[in-house]
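In listed order, ligands and their atoms are each counted from 1.
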Amino acid sequence: MNIYSFTKNELENYLIENEFKKFNATQILEWVYLKNIKSFDEMRNVSKVLIEFCKTNFTMETLKLITKHSSKDTVKYLFELTDGNKIECVLMKHNYGNSLCISSQVGCNMGCVFCESGRLKKVRDLSLEELVLQVISVKKEENININSIVIMGIGEPFDNFENIKRFLSVAIDPKMIGIGQRHITVSTCGLVPKIKEFADLDTQVNLAISLHAPNNEIRNQIMKINSAYNINSVMSAVDYYIEKTNRRVTIEYIMLDDINDSEKCAKELVSLLKGKLVYVNLIPYNETSNCQIKRSKDFKVKAFYDILKKNGIECTIRKEMGLKVSAACGQLRALSEVK
Ligand code: SF4
């Protein structure tokens with residue numbers, strides 16, 4: 001078993017079952033996560049018996065790095081999992097810290113038409129270990145701290161809800177990955193029951209909704225999930241989340257040429273969001289050769305932004321990062337397949 005496959009509680013229980021003490025879990029995790037040891041032999045304040053137990057029962061392997069593409073502010077990694085599947089994650093170096101976007105599944109079943117990742121149907125969910133190891137592997141590869149995490153890479157996180165919950169407990173634990181809850185964001189395409197379950201967890205972790213359209217007609221064309229959970233049901237789940245947590249929700253809106261970028265769309269989006277505790281992130285689209293959809297022209301993005309702003313909707317245009325490193329979700333894996 002990989003030591004990164006346990007939550008703290010799970011490791012405590014495992015050690016207790018094996019006649020160790022609960023506090024031994026914290027000791028091991030401190031060495032592994034905070035002191036970055038490469039071998040259990042390096043642990044100092046623990047008994048020889050515990051060191052031998054760890055060496056016999058646990059490994060601490062990281063992910064196998066296949067490719068790394070870098071630009072000034074972005075590094076994109078392609079990792080191979082032990083079963084040969086590949087996943088991507090992207091490091092973004094902002095002036096306020098390092099942010100890592102991680103994947104939650106191998107492939108994705110949600111079928112958004114503009115998405116490169118969705119071209120590979122879901123093969124399986126990522127395990128806790130594979131979620132955690134994206135963070136650990138990048139930290140070790142670059143010798144840096146990660147200041148924030150977004151779960152927005154390949155896959156739909158809420159379609160892997162149990163492991164995402166376990167991952168969050170590892171990510172926020174100060175003796176483990178140790179990132180403040182408010183610096184972690186989970187993004188969903190709108191799995192309504194899970195949005196409500198997420199709200200009920202009562203955490204400070206941020207929620208982002210991939211809305212991408214102001215009405216059902218457009219959303220049906222570009223996001224298959226809308227036939228199961230339409231805009232009204234997504235927005236009432238957002239209301240539920242805000243009421244429960246009093247946290248602002250990010251609305252992701254990818255700007256697609258002549259699809260969702262008209263003035264009319266902007267005004268409809270205003271009506272949909274007016275008065276809600278939300279913030280809109282307008283995302284310039286990364287075109288791919290596998291999809292006919294084009295990115296919105298800059299002047300249309302600006303006009304869309306102005307309409308939202310003028311009507312009191314908090315809004316930004318996402319700074320473009322990673323264009324030169326094939327950082328559109330799924331592009332690096334796709335490139336590795338055609339090579
Ligand atoms: S945008 Fe997200 S949810 Fe939609 S297909 Fe791509 S990875 Fe899946």
Side-chain angles (χ1 to χ4, degrees), residues 76-79 81 85-90 100-126 130-131 134 149-161 163-164 167 185-195 198 206-213 216 218-231 233-234 237-238 249-256 259-260 280-296 318 320-323 326-337:
K76 183 153 191 169
Y77 308 86
L78 183 70
F79 290 113
L81 307 175
N85 281 305
K86 294 178 186 129
I87 53 166
E88 298 176 4
C89 60
V90 181
L100 188 68
C101 175
I102 65 168
S103 294
S104 58
Q105 298 177 314
V106 177
C108 182
N109 272 349
M110 298 299 137
C112 307
V113 297
F114 48 82
C115 175
E116 184 71 28
S117 310
R119 285 200 312 120
L120 175 70
K121 291 285 156 253
K122 175 176 143 182
V123 177
R124 64 176 178 82
D125 291 329
L126 294 189
E130 291 161 341
L131 294 165
Q134 292 176 69
I149 295 176
V150 288
I151 311 177
M152 210 179 266
I154 300 172
E156 162 54 52
F158 284 173
D159 189 34
N160 184 11
F161 195 73
N163 282 338
I164 293 296
F167 171 75
T185 302
V186 183
S187 171
T188 176
C189 66
L191 301 191
V192 165
K194 296 297 177 193
I195 296 173
F198 184 67
N206 302 307
L207 174 68
I209 303 284
S210 297
L211 194 68
H212 306 321
N216 286 316
I218 297 176
R219 202 161 190 262
N220 282 334
Q221 284 170 33
I222 57 176
M223 296 180 76
K224 212 168 72 181
I225 190 68
N226 203 59
S227 57
Y229 303 111
N230 67 21
I231 286 201
S233 64
V234 172
V238 166
V249 173
T250 301
I251 303 291
E252 305 283 354
Y253 196 100
I254 198 158
M255 298 295 294
L256 307 173
I259 294 177
N260 64 357
V280 178
N281 197 7
L282 297 176
I283 308 169
Y285 179 53
N286 273 351
E287 292 172 9
T288 84
S289 53
N290 297 302
C291 177
Q292 302 302 311
I293 297 175
K294 299 280 172 233
R295 56 170 27 219
S296 295
R318 185 187 284 176
E320 287 196 77
M321 302 181 88
L323 210 54
S326 301
C329 179
Q331 282 182 0
L332 201 61
R333 179 191 53 72
L335 284 174
S336 84
E337 279 171 358

Full working for side-chain contact (heavy atoms from CB on, under 4.5 Å) between Ile225 and Glu156: CA-CA 11 Å; Ile225 190 68; Glu156 162 54 52; over 6 Å; no
ring-ring contact (aromatic ring centres under 6.0 Å, His included) involving Tyr229 - partner list, sequence neighbours excluded: none
Side chain to side chain contact (heavy atoms under 4.5 Å, CB included) partner of Thr250, the single match among Val280, Asn281, Leu211: Asn281
Interfacing atoms of ligand 1 (cut-off 4.0 Å, heavy-atom, Met110): 3 (S), 8 (Fe)
2.8 Å cut-off met by an N, O or S atom of Cys112 to atom 4 (Fe) of ligand 1: yes
Salt bridge (charged side-chain N to carboxylate O under 4.0 Å, His left out) partners of Lys122, counting only residues at least two apart: Asp125, Asp159
Ligand 1 atoms in contact with Cys115 (distance to a heavy atom under 4.0 Å): 1 (S), 5 (S), 6 (Fe), 7 (S)
Metal site atom 8 (Fe) of ligand 1: N/O/S of Cys108 inside 2.8 Å: yes
Element-labelled atoms of ligand 1 that are located less than 4.0 Å from some non-hydrogen atom of Gly155: 7 (S)
Contact check, side chains of Phe161 and Pro193, non-hydrogen atoms, under 4.5 Å: no
